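The model shown is predicted, which means the values in this text are computed figures rather than measured ones. Residue numbers begin at 1 in each chain, while the letters A, B, ... track the order of the sequences.
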Protein chains: 2
Amino acid sequence: MKLDKSNFSEWFDTVLREAEVFDYGRYPVKGMGVWPPFGFKLRKYVLEIIRELLDSTGHEEVLFPVLIPKTLLEKESEHIRGFEGEVFWVTKGGHEELDIPLALRPTSETAISYMESLWISSYKQLPMKLYQIVPVYRYETKATRPLIRLREVSTFKEAHTAHESFEDADRQCQEAIEIYKKVYERLGIPYMINMRPPWDKFAGALYTVAFDTVMPDGRVLQIGTVHHLGQNFSIPFEIKFQRVDEEMDLVWQTSYGLSDRVIATVIAVHGDDRGLVLPPEVAPIQVVIVPIPQKDEEMNRKVMEEAKRVKEELEKNGWRVKLDDREELTPGSKYYYWELRGVPFRIEIGKREVEGEELTVARRDLGKRVKVKKEELDQKLKEMSDEFLENIRKKAWEFMESRIKYTEDLEEAKKLVEERYVVEMPWCGEKECGLKIDEEVGRVLGIPLDKDFRLNGKIEEKKCPVCGRPAKAIIRVAKTY
Amino acid sequence: MKLDKSNFSEWFDTVLREAEVFDYGRYPVKGMGVWPPFGFKLRKYVLEIIRELLDSTGHEEVLFPVLIPKTLLEKESEHIRGFEGEVFWVTKGGHEELDIPLALRPTSETAISYMESLWISSYKQLPMKLYQIVPVYRYETKATRPLIRLREVSTFKEAHTAHESFEDADRQCQEAIEIYKKVYERLGIPYMINMRPPWDKFAGALYTVAFDTVMPDGRVLQIGTVHHLGQNFSIPFEIKFQRVDEEMDLVWQTSYGLSDRVIATVIAVHGDDRGLVLPPEVAPIQVVIVPIPQKDEEMNRKVMEEAKRVKEELEKNGWRVKLDDREELTPGSKYYYWELRGVPFRIEIGKREVEGEELTVARRDLGKRVKVKKEELDQKLKEMSDEFLENIRKKAWEFMESRIKYTEDLEEAKKLVEERYVVEMPWCGEKECGLKIDEEVGRVLGIPLDKDFRLNGKIEEKKCPVCGRPAKAIIRVAKTY
């Protein structure tokens, strides 16, 4: 197997399969795949970060059924229009036709709003901040891609919150954005934060803020969304509560989600021609120990003893360690095997390590070996874990920033998007011009929220390159997934 | 709300709802319910026990799609006959009819066997011990019951293993039984282990061993199953591997499962007329602190200070603690509120506790208060947690054992089963007599594996009460859920 990241699409599929992250394309339902043990662990550690950040900000985990009756899904009319073309429908139970078709959840706003209308009665219960981590289903007609565009999105963290006022829901969207920033910072993934244009917001939302990143092929991937739902669901679902002043009112809601794409991005952004490069915090195996076989049998025994001692010491300190003692493989083929699987640190133990005071630690991100004093191993690995993350994060941010260019010229914008750059350009704010840019230049990601523009002059002095009128904002445009 | 456990069925539904464990009967799909935050946490801690016991015995967690194509589900003929009447079918995607109907997994033997046929090639990969925790779906025609008989079994831990030989798979069944014993011991749940009669084994198994318990109304609930699948799936799915001697062979498989019923049983077996009684290890809140309001404002402040100090100290030691500082509720109504939710320990803090060296701890299982020295609180709570579990476990086992009776008389057996006893009786081993007992006396649970029978004389000297021939075994018979 030859890996070549410059051919990203093939690289990605191969790495997922060969590193045993996600078994895709072989399960006999199109657009659905299997998480084998190694990938499942990676997924688990990523979810631990997400859960920790949600739990520590007052979110509570719940679990709703996968099936939503058609009648419920249709209650918010814009919502169903956005989803009805891509819903899987259960129509039979045993040999019987069901009275009402049941949807495999494409997302859970309707199911959760229905229960909230039963649960919520007083302002004392607000804000109510719930989340669940479940699969969701989309009958995608576009080409499916492992972990990127699936018919079974096997990991969907969806949060749903209810509030007393528009402003509270608005602040909740800000909190969600801060949480997602932290998620991606801990994974070293660079992101843009874009306020989606009105024609591309979530079906049923007042506004949608999205996290986007640039994939190695220059295309943009949406990796998280935050929606202010206003009272769009609380009106049809009648989610009423009594205010402090005893008046009845309807709640204001938000929802925000992360999917398998978090994991897809970790793999795509950090990987290289040798395979995965995993941030230590989420690596299923953080340290692999490879004993170097010795001709002298006594020394061989001592090498194995030292390898076991190091393993036990590290495990006592909470590291996830693998001692690769397979006799049929050479050290070289073991290096290759564990590099493919993104193990951050490799400790090679031979005669010198048995006899000396130092161990040899190879770092996956740098491809370099360093010497570490035995008694400092735990401490040094901790420091190197921080450096590791810092290093891959910096590299990733530099790459993303190198892929963003500013222009005020429509033709240049087209050319740049064709060359897979993200273009930042002025816009008059009119839908008509936006749709024209969407059509002729590339997908409008929306208005950047992550950046102040230090323009030469004021924004109104810039011109919309479509109509020539004064600009109201800068928008980002790109080729997307 | 009045709780009366002697009316078990109503008690159970009420407790689930009022204690916010599982919201059932209100979600608009029959047989499906919602885990709200409190219940979700209980479920999480129960699953932590199960995961710990599986992970530490070499099982690896995976995740498979919920959808199984009809063609795959039909590959093992006995299996599909056992399930086809109760499968939910997805027949439409968007507005299109699907070519092949997709089943919502009723269980995953077929999906996992299919992937194993791709994954397994050598004896070096065996045993392969996988598990997943997922919802499964049964279009039940029987009356549904929350957490007991659901159309969406929202929690199903299914393990699937592959082995080199019949004997290895047989040993794996033993390991599974030992694991399930530990699960139930840590939850204080009494169990019988019964080898199901051949006519009641899992569809596609060589044999099925089940865990059964007695519910408060005397009916028996199956709470876990272990199946030796032989080569019944590896033949149609062609799961081949190369032996040490380089010959090709087919694997031998087992599967074993636990469901929502684990949680149902914790609630049903230990609960009382005041609500839940939760084993400390799985209680979402282990200690609730109730400050006793004081007329003197300065003392009131000191009480709150002491309450916070105790909370912080306990949390530092890893306890899950709630300080109930709601001002609108009396201490009495707080006691009632947290007793309903099964909190094992309640610490009441008033003037005496502020000024003295002792705290007052009320135990949910005994309904009694004890004095504990402040500096010994953590240590005493640990000891009391062990005593708590021991106490509820002992009570539960005594109850179950009091509900099992031995008889050699068919009429008495009928009467006992009508009175909701589990009957142990001799059996000739013939299917015909077994089915007659099934029909006339009660459900045949099978041959006890958890107990040696100290009969007066040998088993052959006993007579089958149906046909009068010499007995070959003792069987258990009962009214079941």
Report summary line: Under 4.5 Å to a heavy atom of chain B? For L67(A) that would be both
Query raised in the report: Which bit of E20(A) is near chain B, if near means a heavy-atom gap under 4.5 Å: side chain, backbone, both or neither?
Result: neither
**Report entry** Test side chain to side chain contact (heavy atoms under 4.5 Å, CB included) applied to I148(A) and R261(A), step by step
**Finding:** CA-CA 6 Å; I148(A) 288 177; R261(A) 289 183 172 185; 4.3 Å; yes
Query raised in the report: Does the ring of Y337(B) carry R341(B) above it, NZ/CZ under 6.0 angstrom from centre and within 45° of its axis?
Result: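 Cation-pi check for R341(B) and Y337(B): passes.
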Would you give the length of the straight line joining atom [atom1] of [X] to atom [atom2] of [Y], rounded to the nearest 0.5 angstrom?
X       : Y       : atom1 : atom2 : answer
F38(A)  : R43(A)  : CZ    : CZ    : 15.0 Å
W35(B)  : D260(B) : CH2   : CG    : 5.0 Å
L126(B) : S121(B) : CG    : OG    : 9.0 Å
Y24(A)  : R26(A)  : OH    : CZ    : 13.5 Å
I285(B) : D324(B) : CD1   : CG    : 9.0 Å
L323(B) : E315(B) : CG    : CD    : 9.0 Å

Query raised in the report: Between E312(A) and K316(A), does a salt bridge (Lys or Arg N to Asp or Glu O under 4.0 Å) hold up when you go through it step by step?
Result: CA-CA 6 Å; E312(A) 275 166 31; K316(A) 216 177 53 202; over 6 Å; no
Side-chain ([X]) to main-chain ([Y]) donor-acceptor, under 3.5 angstrom:
X       : Y       : value
E74(B)  : T71(B)  : no
D23(A)  : V34(A)  : no
E246(B) : Q242(B) : no
Q286(B) : R320(B) : yes
H160(B) : S255(B) : no

Give a yes or no on whether a salt bridge exists between [X] and [Y], defined as a side-chain N under 4.0 angstrom from a carboxylate O.
X       : Y       : answer
E328(A) : R326(A) : no
K44(A)  : E48(A)  : no
K92(A)  : E96(A)  : no

**Report entry** Neighbours of chain A found in residues 130-144 of chain B - heavy atoms under 4.5 Å
**Finding:** L130(B), Y137(B), Y139(B)
Report task. Could you tell me which residues in residues 49-61 of chain B have at least one non-hydrogen atom under 4.5 Å from a non-hydrogen atom of chain A, sorted by residue number? Result -> E60(B), E61(B)
Report summary line: Under a 4.5 Å heavy-atom criterion, the part of residues 101-119 of chain A in contact with chain B comprises L102(A), L104(A), A111(A), Y114(A), M115(A), L118(A), W119(A)
**Report entry** Residue-level contacts of residues 84-91 of chain A with chain B, using a heavy-atom cutoff under 4.5 Å
**Finding:** E84(A), G85(A), E86(A), V87(A), F88(A), W89(A), V90(A), T91(A)
Query raised in the report: L63(A), I68(A), V62(A): which one forms the most heavy-atom pairs within less than 4.5 Å of chain B?
Result: L63(A)
Query - Among the listed options R151(B), E152(B), H95(B), the residue most often paired with chain A at heavy-atom distances under 4.5 Å - result: E152(B)
Query raised in the report: Are there more than 12 heavy atoms of other residues, nucleotides or ligands under 6.0 Å from atom NZ of K322(B)?
Result: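 Count not over threshold, so no.
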